[in-house]
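Each remark here refers to the structure printed beneath this line.
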Number of protein chains: 2
Amino acid sequence: MGKVYTPATAATGVEEVFKLLEGRWKLVILFHLFDGKLQRFSDLEKLIPGISQKMLAQQLRQLEADGIVARKLYPQVPPKVEYRLTDWGQAICPALDALLKWAEQRDELPKAD
Amino acid sequence: MGKVYTPATAATGVEEVFKLLEGRWKLVILFHLFDGKLQRFSDLEKLIPGISQKMLAQQLRQLEADGIVARKLYPQVPPKVEYRLTDWGQAICPALDALLKWAEQRDELPKAD
DNA sequence: CTGTATCCAGTTGGATACTG
DNA sequence: CAGTATCCAACTGGATACAG
C-alpha cells in the first residue's frame with residue numbers, strides 16, 4: 001500500500017503480467033477454470049468453440065509454465081488430464097474484475113474533450 | 001455490484017478491454033500520461049527509448065480511437081501536438097493497480113500442487 | 001515538429017495429419 | 001483421450017525514407 005511506482009517500473013511491472021495473459025485464448029481458458037473448476041482437455045475444447053488443439057495445448061503449457069494453471073495427469077489408458085487454477089491463478093480475480101468495471105465505465109465517462 | 005458473469009461473457013468482456021491495451025507500447029504510453037500529464041509527441045519519443053515513430057504514432061491513434069487518449073493540435077508552424085488521458089483513460093488506474101498487486105503475489109502464493 | 005509510406009523479418013495462429 | 005508435427009497465411013513491429 002502507498003507504494004509508489006515510477007512510470008517506467010510500473011509500466012514494465014504491468015506489462016510483465018500482461019504478457020502472461022497475452023494470446024487470443026488465455027483469458028477464456030482462465031474463466032472456464034474459475035472457482036476451482038476442474039476441466040479436462042476435451043472439456044475445454046468443447047467449451048471454447050473455435051480453438052484449435054494446437055492453441056489449446058500451447059496456451060495451457062504456457063499458463064502452466066507461468067504457474068497460473070496446474071495440470072494433473074492420470075496415468076491410465078486412454079489418458080485423462082485435468083486442469084485447474086493454482087492459488088496464484090485464482091488471485092487474478094480482483095484484477096479481472098477491475099478491468100470489467102473499467103469496461104463498464106466506457107459509456108459513462110467522457111472520452112473526448 | 002454483485003453482478004454475475006458467465007465465463008463466456010466475462011471472458012469476452014475482459015478480452016475486449018485487453019485488446020484495447022494490447023501492443024508492446026500502449027501501457028508504457030499510458031503510464032507516461034498518468035495524473036493528467038500532458039506530453040508532446042517528441043516528449044513521448046524521448047521518454048520511451050526504443051520506440052519507433054511508426055509505433056508511437058500508431059499506438060496513439062488507436063488509443064485515441066478507443067477514447068483512452070485525447071489529442072490536441074495547436075495549428076501553428078511547426079506543429080505542436082499534446083496528448084493526455086481522457087476521463088475514461090484515467091479510470092483504468094485501479095485495474096492496473098490490481099494487476100500490479102497480482103504480480104507482487106507471485107512469490108507469495110503457491111503455484112504448484 | 002509531427003507525422004505517413006514502404007519494405008522486410010519475425011512471430012502468431014489456423015488447418016491438417018499423425019502418435020502413444 | 002490428449003496431445004505433437006508440419007506447413008502456411010496473416011499480422012506485428014523495426015528501419016528507413018519522405019512530407020506538410
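Letters A, B, ... are given to chains in the order of the sequence lines, protein chains preceding strands, and every chain is numbered from 1.
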Could you list the residues that satisfy side chain to side chain donor-acceptor pair (under 3.5 Å) with A:Q39, not counting sequence neighbours?
-> none
Can you name the closest pair of heavy atoms from A:A98 and B:A98 and give their distance?
->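 The answer is CB-CB, 4.3 Å.
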Does the A:T86 side chain pair with the main chain of A:G67, one donor and one acceptor, at a distance under 3.5 Å?
->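 Judged by distance alone, yes, a pair lies under 3.5 Å.
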A:W102 side-chain N/O to B:W88 backbone N/O, donor-acceptor pair under 3.5 Å | yes
Starting at the 5' end of DNA chain C and moving along, which residue's nearest nucleotide shows up first, A:E22 or B:L60?
-> B:L60
Judged by nearest nucleotide, the residue sitting upstream toward the 5' end of DNA chain D, A:K54 or A:P79, is A:P79
For A:R40 and B:M55, take the nucleotide of DNA chain D holding the closest heavy atom to each; which residue's nucleotide lies nearer the 5' end?
->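 Whichever sits nearer the 5' end wins; that is A:R40.
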Start and end of chain B contact along DNA chain D [non-hydrogen atoms, under 4.0 Å] |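 Contact boundaries, 5' end first: D:dG13 to D:dG20.
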Work out how much the helix from C:dC1-D:dG20 to C:dG20-D:dC1 bends between its end axes, five pairs an end, to the nearest 10 degrees.
->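 Comparing the axis at each end, I get an angle of 50°.
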Between C:dG13, C:dG14, C:dA5, spot the one nearest the side chain of A:Q58, thanks.
->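 Of all the options, the side chain of A:Q58 is nearest to C:dG13.
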Name the closest nucleotide to the B:P78 side chain, picking from C:dC1, C:dA5, C:dG14.
->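 Selected nucleotide: C:dC1.
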Between [X] and [N], does any side-chain N or O lie under 4.0 Å from OP1 or OP2?
X	N	result
A:S52	C:dG13	no
B:R61	C:dT4	yes
A:W25	C:dT12	no

Hey, does B:Y83 reach any base, or is it just sugar-phosphate, or nothing, if we go heavy atoms under 4.0 Å?
-> sugar-phosphate
Are side-chain N/O atoms of B:Y83 and B:E64 paired as donor and acceptor at under 3.5 Å?
->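 Short answer, no.
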Would a 4.5 Å heavy-atom cut-off, applied to side chains only, mark B:V17 and B:E22 as touching?
-> no
So how far is it from B:L60 CG to B:K26 NZ, rounded to the nearest 0.5 Å?
->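 Rounded to the nearest 0.5 Å, the CG-NZ separation comes to 10.0 Å.
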Describe, in one word, how the ring planes of A:F18 and B:F18 are oriented to each other, choosing from parallel (under 30°), tilted (30 to 60°) and perpendicular (over 60°).
->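 Ring orientation of A:F18 relative to B:F18: parallel.
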